[in-house]
Amino acid sequence: METEPDTTEPEAEEPTPKEPGRVRRLLNKPWASRSLTVVACVTVFVALLYPNILRRVSVGSFARIPIEAAFIILLLIVLPRRPRITVASILGVLLGWLVVEKSLDMGFFRTLARPFDPVLDWSLFGDAYNFVNETYGGLAAWAAIIGAILLGLSAPAFVTWAMLRVSAFLTRHRRRSALTATGIAAAWMLTFALGIQLTAEVPLAARTSATYAWDRIWQAREGMKNEAEFAAEVNNDPYRDVPADQLLTGLRGKDFVLTFIESYGRNAVEAPEFAESTGAVLTDGDNKLKAAGFSARSGWLTSPTFGGSSWLAHSTLLSGLWINNQSRYRNLNASQRLTLTKAFKTANWDTVAMMPGNSRPWPESVFYGYNRVWDSRNLGYQGPKFGWASMPDQYTLTRFNELEYKKPGRQPMMVEMPLLSTHTPWAPIPSSIPWEQVGDGSVYTAQAAAASSKADIWSSSKKVRKEYGKSVVYTLGTLIDWIQRYGDDNLVLVFVGDHQPSSVVSGEDASHDVPITIVAKDPAVLDRIDSWGWTESLKPATTAPVWQMSDFRDKFLTAYGPDGAH
């Protein structure tokens, strides 16, 4: 009997499982797996307690009880697998971003004495790049960019990995995890109720991340609200419609020079390590200017910024509005607000900006009302850079003489002229030379070559503060010498600090106050501000009045208007 041929196909052989690689075999070992879980738990714990102020990065800051840990544990152990993975990923990304933002806060507190604003401060990174590039070179600038990008990407990624691993661990031990969460919550509530503190400002019961996240949300909301309010402030201008013949009548025929001295803050005048040297140059300056027929009055202004962002201070003083962030600055420049410069221009002064720090077009000059702008591209400097400053202050003042001030037959001028030799990093610092030797600036080559390097100065905060003090003495001495030598009977000069130096110089709790001084030869000019109560000196007394910098415009226009002498 014939049999049917067997047509059944042979069963396919099961593929041989691929043997894991060496790294995976190592990670699968119990001791390695436990170690990674410990690393993940520590990462989440550190991220929850990570501070946003550099001086608080200490063992004590992490020896605290984070209440957020209890909520995270309870949330993750009750969720099914897929939602749990999604929630853990979201929590990891958010917590990692908080670490990034707190790290940015550390830098902002260190330089600007305020936290990073997640809505308004992104534009400052371009200025930070330019500062590093112009001060330390392109390599350092690119290294800073790469470091910032790596931090911004790696922190959320690493914390997310840690959160997912912790989540998996918690669900394998739900009962013990629930007990742990209960214990954390109970310990937190007890220490919170008893007010137990590790130090005067660090309580044992921590809610660092939750509070910080809420503050950032509130900050963003307030920022948007503030922007809407600012539009109304811009339009509330009592001097907008004042006729030209009623503006600045008390300064007719005078030259008005407004000089911002970079980082010239209250600490430069009053801090013990600077008071002697700064006081000496100001006292000597009083004597020199008195001999030349000049007098001075000095007070204090509170700057809207600290350690940097000088343009916010410039715009605040010139516009009479409080410009403390980039959004307000942009909105101001899009408005028709009357600035001091526009007031002088309307009243038939020739308006000039001497901007030695500008290396590119400056569209804001149209808003401010300048007829001409001189900057690093057309001031003809052929010497070396001194730190961030493109040229020494003595060169800027010399070129001001040649290009504008000493030109025969000119009309009265209003001039804004920042002096930048006091700009961070305060290395190298130029030295004064005979004015007739300044020339095209090439004479400074030997000075720059012989000076201490930035790397050497910034190896010690003590050295940084010393060099800052020397830079202030240089700039003040140079400006006073210029007034004595070249100032004529019609000169009215205001020199004012834009902001305090960064906290490496001024400390953690310094005020935002800066000195302001008016110098004139005509007694009638200073008589108009007798009611201000300012000190009769280049150095303001400690008890001299302190105004918001935004108050200066209106007080100045009132004092030098038709009714200012009464």
Side-chain angles (χ1 to χ4, degrees), residues 239 242-261 285-286 288-299 301 314 317-318 320 338-354 368-372 374 396-397 399-419 479-496 516-532 534 536-538 552-566:
Y239 284 93
V242 174
D245 61 358
Q246 298 296 303
L247 285 170
L248 299 161
T249 54
L251 290 176
R252 299 291 181 184
K254 306 296 184 185
D255 294 312
F256 180 74
V257 179
L258 174 60
T259 306
F260 286 97
I261 298 181
D286 277 330
K288 286 181 177 179
L289 294 185
K290 183 178 180 181
F294 288 93
S295 298
R297 300 289 186 276
S298 299
L301 300 180
H314 298 191
L317 188 139
L318 290 168
L338 181 74
T339 64
L340 272 183
T341 312
K342 284 180 183 175
F344 275 100
K345 185 175 183 176
T346 301
N348 204 33
W349 267 263
D350 185 16
T351 53
V352 180
M354 298 289 293
Y368 286 118
Y370 291 109
N371 292 329
R372 290 182 304 289
W374 298 96
T396 301
L397 289 162
R399 288 297 282 156
F400 173 55
N401 280 349
E402 296 166 352
L403 295 168
E404 297 288 353
Y405 190 59
K406 292 302 179 182
K407 284 172 61 177
R410 61 171 176 79
Q411 69 187 91
M413 290 190 304
M414 184 277 175
V415 181
E416 180 188 355
M417 180 167 46
L419 297 179
L479 181 60
I480 291 166
D481 194 39
W482 180 86
I483 298 170
Q484 181 191 23
R485 286 171 176 267
Y486 301 110
D488 60 26
D489 293 351
N490 291 321
L491 176 66
V492 177
L493 185 142
V494 171
F495 66 92
V496 56
I516 180 169
T517 298
I518 297 182
V519 179
K521 184 171 283 190
D522 184 351
V525 172
L526 297 181
D527 287 346
R528 283 181 170 256
I529 62 170
D530 275 345
S531 63
W532 290 4
W534 285 15
E536 295 184 16
S537 170
L538 296 174
F552 181 79
R553 188 205 71 159
D554 287 10
K555 289 180 180 293
F556 184 86
L557 291 175
T558 298
Y560 293 103
D563 300 323
H566 301 298

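Excluded from the calculations below are hydrogen atoms, water molecules and symmetry mates; all remaining heavy atoms, backbone and side chain alike, are included. Each residue takes its place number in the sequence, starting with 1. Everything quoted here is computed from the prediction, not taken from an experiment.
There is no side-chain donor-acceptor pair under 3.5 Å between E416 and Y368.
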**Item:** Candidate pair Y560 and F256, rule ring-ring contact (aromatic ring centres under 6.0 Å, His included), full reasoning
**Value:** CA-CA 12 Å; Y560 293 103; F256 180 74; 8.1 Å; no
**Message:** Run F556 and L248 through side chain to side chain contact (heavy atoms under 4.5 Å, CB included) and show every step you take.
**Reply:** CA-CA 9 Å; F556 184 86; L248 299 161; 3.8 Å; yes
**Message:** As a quick check of understanding, evaluate side chain to side chain contact (heavy atoms under 4.5 Å, CB included) for L479 and I261, giving each step before the final call.
**Reply:** CA-CA 10 Å; L479 181 60; I261 298 181; 4.3 Å; yes
**Item:** Derivation of the side chain to side chain contact (heavy atoms under 4.5 Å, CB included) call for D522 and K254
**Value:** CA-CA 10 Å; D522 184 351; K254 306 296 184 185; 2.9 Å; yes
**Request:** Using the side chain to side chain contact (heavy atoms under 4.5 Å, CB included) rule, take V519 and L491 through it: C-alpha gap first, then chi angles, then the decisive distance, then the call.
**Result:** CA-CA 8 Å; V519 179; L491 176 66; over 6 Å; no
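With sequence neighbours excluded, the residues satisfying ring pair (Phe, Tyr, Trp, His ring centres under 6.0 Å) with Y405 are F400, W482. Under the ring pair (Phe, Tyr, Trp, His ring centres under 6.0 Å) criterion, Y239 pairs with no residue at all, not counting sequence neighbours. With sequence neighbours left out, the ring pair (Phe, Tyr, Trp, His ring centres under 6.0 Å) criterion links W532 to W534, W547. Remark: A292 pairs with F294, Q484 by the side chain to side chain contact (heavy atoms under 4.5 Å, CB included) rule, at least two apart or across chains. With sequence neighbours excluded, no residue satisfies salt bridge (charged side-chain N to carboxylate O under 4.0 Å, His left out) with R297.
The backbone N or O of G369 lies less than 3.5 Å from a partner atom in the side chain of T351, making a donor-acceptor pair.
To the nearest 0.5 Å, atom CG of residue L493 and atom CG of residue L289 are 9.5 Å apart. Atom CG of residue L247 and atom OG1 of residue T346 lie 6.5 Å apart, to the nearest 0.5 angstrom. Of the inter-residue distances, the one linking I483 atom CD1 with D488 atom CG reads 12.0 Å to the nearest 0.5 angstrom. The structure places CG of D554 at 9.5 Å from CG of L338, a figure rounded to the nearest 0.5 Å. Of the inter-residue distances, the one linking T341 atom OG1 with R553 atom CZ reads 11.5 Å to the nearest 0.5 angstrom. Interatomic distance, CH2 of W349 versus CE of M414, reported as 10.5 Å (0.5 Å rounding).
G285 approaches I480 most closely through the heavy-atom pair CA-CG2, 3.7 Å. Annotation for R528 and G561: closest pair NH1-O, 3.0 Å, computed over non-hydrogen atoms. The shortest heavy-atom contact between M354 and T396 is CE-O, 4.0 Å. Pairing each heavy atom of A244 with each of R252, the nearest pair is O-NH2, 3.2 Å. What you find for G253 and P412 is that their closest heavy atoms are CA-CG, 4.0 Å. Residues A296 and L526 approach most closely at N-CD1, 3.9 Å, considering heavy atoms.
Here the side chains of F260 and L317 are in contact, with some heavy-atom distance below 4.5 Å. Residues D255 and R410 have side chains in contact (heavy-atom distance under 4.5 Å, counting atoms from C-beta outward). In this structure, V242 and L557 have side chains that are not in contact, with every pair of non-hydrogen atoms separated by 4.5 Å or more. Two residues are said to be in side-chain contact when any heavy atoms from C-beta on lie closer than 4.5 Å; Y486 and L397 fail this criterion.
Other residues, nucleotides and ligands contribute at most 12 non-hydrogen atoms within 6.0 Å of the CD atom of E536. Within 6.0 Å of NZ on K406 lie more than 12 heavy atoms contributed by other residues, nucleotides or ligands.
Legend: salt bridge (Lys or Arg N to Asp or Glu O under 4.0 Å) pairs involving residues 340-353, not counting sequence neighbours, sorted by first then second residue: D350-R372.
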